[in-house]
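Below is one structure, written out as structure tokens; comments come after it.
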There are 2 protein chains.
Amino acid sequence: MRFMSDELADGRHLLTIGQLADYAGVTIKAVRVYHDRGLLPEPPRDSSGYRRYGAKHAIQLVKIRTLVEAGVPLARIKELLGAGPERFAAALDEIDRNLQKRAEEIRRTRQRIAQLHSGDRLFVSAEVTGYLERLRQIGVSERTVLLERDLWILLQSVAPEQAAAWIADKLAAIADPEFRALYLDYDAAFDWSPDDPRLPALAERTRRWYAGQDGSGAAGPPPDPTITRLAGVAAGASSPAWARIAELAKEVP
Amino acid sequence: MRFMSDELADGRHLLTIGQLADYAGVTIKAVRVYHDRGLLPEPPRDSSGYRRYGAKHAIQLVKIRTLVEAGVPLARIKELLGAGPERFAAALDEIDRNLQKRAEEIRRTRQRIAQLHSGDRLFVSAEVTGYLERLRQIGVSERTVLLERDLWILLQSVAPEQAAAWIADKLAAIADPEFRALYLDYDAAFDWSPDDPRLPALAERTRRWYAGQDGSGAAGPPPDPTITRLAGVAAGASSPAWARIAELAKEVP
DNA sequence: TCGAACCCTGCCCCAGGGGCAAGGTCAAGC
DNA sequence: GCTTGACCTTGCCCCTGGGGCAGGGTTCGA
């Protein structure tokens with residue numbers, strides 16, 4: 001009897017759904033979805049069936065919204081809101097790490113978009129452009145991508161047919177996760193000292209990967225010594241560590 | 001397999017859909033979706049109906065993927081790929097601006113996630129946060145601070161502009177030692193019985209304090225009756241003693 | 001007393017795929 | 001030759017996080 005007016009009067013349930021939504025910067029529809037998904041408890045209704053919200057709902061909604069904007073799926077948010085504070089804190093840490101990762105991805109994507117803009121297309125063939133683009137995509141540093149590009153420019157001017165055959169091999173290789181991992185490790189090794197103890201293992205992995213390819217792909221074109229020397233010299237000159245890897249790989253035939 | 005390299009280099013068609021997808025770091029399903037949406041031309045089929053792709057498809061797919069990762073909708077990508085280079089360049093500029101905006105949003109979201117750990121800051125304005133902080137500083141009980149907080153949340157959702165004007169008054173008032181003393185007495189009176197003999201004196205002091213303010217500061221915003229009632233009712237419902245004070249203050253106009 | 005601005009439920013729609021079914025095909029090893 | 005497993009084909013329904021609209025009822029201010 002007095003029940004309803006008490007609830008209204010004690011300040012717990014005064015907001016309509018529209019006011020609540022405006023406060024949290026959310027649409028009415030979203031609020032109803034959060035009810036459906038069990039994220040936000042259904043508030044009491046007034047005499048005409050309208051939902052009436054209080055400050056606790058507003059707080060909860062802002063929380064939900066913050067997590068949603070951080071990219072947390074609704075199902076996970078529900079789970080988190082029900083969990084204890086230490087679990088919640090741990091989850092927040094992980095969410096923040098994810099956000100950081102996403103920021104990093106955006107940074108890389110922006111670089112790639114920029115390259116898409118003023119393509120390297122002027123200097124190398126479309127195939128090579130695609131290959132370079134792919135390297136950026138998998139996270140290879142811009143420095144190494146530019147080294148690759150310069151190398152291909154040289155190759156294409158010295159021996160266009162060889163270059164065409166090689167780029168085909170590269171396109172096939174880059175589809176192999178093992179090769180991608182190897183490439184990224186090379187990228188990382190650029191700055192290492194030639195004495196770095198990690199280099200022999202990298203050389204061994206390289207040797208094994210090429211062995212695994214034997215007879216299938218790269219064996220085809222007869223290796224023109226001028227060309228291979230060119231490639232080797234170009235790479236070795238840029239990074240002492242890479243030069244050392246080449247040495248190591250040769251030592252164990 | 002040498003054969004394969006030459007064909008690829010020639011732009012002939014020999015990649016299967018799985019190889020193409022692996023190359024671009026995409027699922028087979030996604031490739032088929034891009035066909036359906038008209039982003040990627042359907043390649044020829046081999047004798048058993050399998051799709052066979054060439055280098056051009058691989059390049060196009062990497063391009064598509066780059067744009068998708070930048071958050072461009074598929075429909076827009078289709079449009080862009082068909083457009084001229086100047087239109088394409090303009091679109092890339094806009095896409096990059098979007099990415100920048102998204103990075104900025106992520107930065108802000110990270111801050112809010114950090115605050116989610118502890119702090120009322122997310123739920124009320126910075127001014128209100130400061131006010132609540134000041135209340136705690138002068139020794140107001142946490143219970144009353146939380147009541148205030150809830151009230152401000154409601155106020156900010158119902159009438160943000162009024163709330164902004166009011167909080168300015170409150171910040172001014174809290175600088176007055178007389179008001180601070182009054183507030184602390186209210187805080188202490190929370191638990192008193194409505195019959196407590198000390199209440200009339202408190203009511204009288206309240207009346208006098210408000211009389212002293214008249215015309216000086218608070219005159220600015222015309223007091224919206226709905227809002228003042230809201231505030232009064234909300235407070236009264238929490239503490240019978242406070243409700244009694246409000247009655248007493250009214251009796252002597 | 002009327003129109004504007006709210007609110008209610010229920011239903012279908014979107015992107016960008018994922019997953020599964022129910023087949024056809026191909027290469028390797030025995 | 002036969003099997004096995006990895007690949008390919010089409011077609012269909014499913015998911016998230018809501019948006020939009022229909023077809024009502026309610027409330028408030030002029």
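None of the values given here were measured: they were computed from a predicted structure. The sequence lines fix the lettering, A, B, ..., with proteins before strands; numbering per chain opens at 1.
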| message | Strictly below 4.0 Å, N to O, side chains only: are A:Lys101 and A:Glu105 in salt-bridge contact? | response |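 Here A:Lys101 does not pair with A:Glu105 in a salt bridge, since their nearest N and O are not under 4.0 Å apart.
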| query | Any ion pair linking B:Glu69 and A:Arg112 (charged N to carboxylate O, less than 4.0 Å)? | reply |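 Judged by the 4.0 Å cut-off on N to carboxylate O distance, A:Arg112 and B:Glu69 do form a salt bridge.
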| Say you draw a straight line from CG of A:Leu182 to CD of A:Glu178; how long is it, rounded to the nearest 0.5 Å? |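 Interatomic distance, A:Leu182 CG to A:Glu178 CD, rounded to 0.5 Å: 7.0 Å.
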Side chain of [X] only, heavy atoms from C-beta on: which candidate in [options] is closest?
| X | options | result |
| --- | --- | --- |
| A:Arg65 | D:dG18, D:dG19, D:dT9 | D:dG18 |
| B:Thr27 | C:dG18, D:dC8, C:dC6 | C:dG18 |
| A:Val68 | D:dT26, D:dG18, D:dC8 | D:dG18 |
| B:Val33 | C:dC26, C:dG17, D:dG25 | C:dG17 |
| A:Ser48 | D:dT27, C:dC26, C:dG17 | D:dT27 |
| A:Arg37 | D:dG17, C:dC26, C:dC7 | D:dG17 |

Between [X] ([atom1]) and [N] ([atom2]), how many Å, whole number?
| X | N | atom1 | atom2 | value |
| --- | --- | --- | --- | --- |
| A:Glu69 | D:dT16 | CD | C1' | 16 Å |
| B:Glu42 | D:dT9 | CD | P | 9 Å |
| B:Asp36 | D:dG11 | CG | P | 9 Å |
| B:Asp46 | D:dC7 | CG | P | 16 Å |
| A:Gln19 | C:dC6 | CD | C1' | 10 Å |
| B:His35 | C:dG17 | NE2 | P | 14 Å |
| B:Ile28 | D:dA6 | CD1 | P | 14 Å |
| A:Leu61 | D:dG18 | CG | C1' | 14 Å |

| Do the side chain of B:Tyr34 and the base of C:dG16 come within less than 3.5 angstrom through a donor-acceptor pair of N or O atoms? |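 Under the 3.5 Å cut-off, the side chain and the base do not form any donor-acceptor pair.
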| Relative to the 5' end of DNA chain C, which residue comes earlier, B:Gly71 or B:Tyr50, by the nucleotide with the nearest heavy atom? |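 By nearest-heavy-atom nucleotide position, the 5'-most residue is B:Gly71.
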| message | Nearest heavy atom decides the nucleotide; on that basis, is B:Pro73 or B:Lys29 closer to the 5' end of DNA chain C? | response |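 On the 5' side of the pair lies B:Pro73.
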Does [X] reach a base, just sugar-phosphate, or nothing at all? Heavy atoms under 4.0 Å.
| X | value |
| --- | --- |
| A:Arg32 | base |
| B:Arg51 | sugar-phosphate |
| B:Arg45 | sugar-phosphate |

| task | Report yes or no: do A:Arg134 and A:Gln137 form a side-chain donor-acceptor pair below 3.5 Å? | result |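 A pair is found: one side chain offers a donor N or O, the other an acceptor, under 3.5 Å apart.
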| task | Establish, from distance only, whether the side-chain atoms of A:Glu42 and A:Tyr53 form a donor-acceptor pair under 3.5 Å. | result |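 Checked: A:Glu42/A:Tyr53 side chains show no N/O donor-acceptor pair below 3.5 Å.
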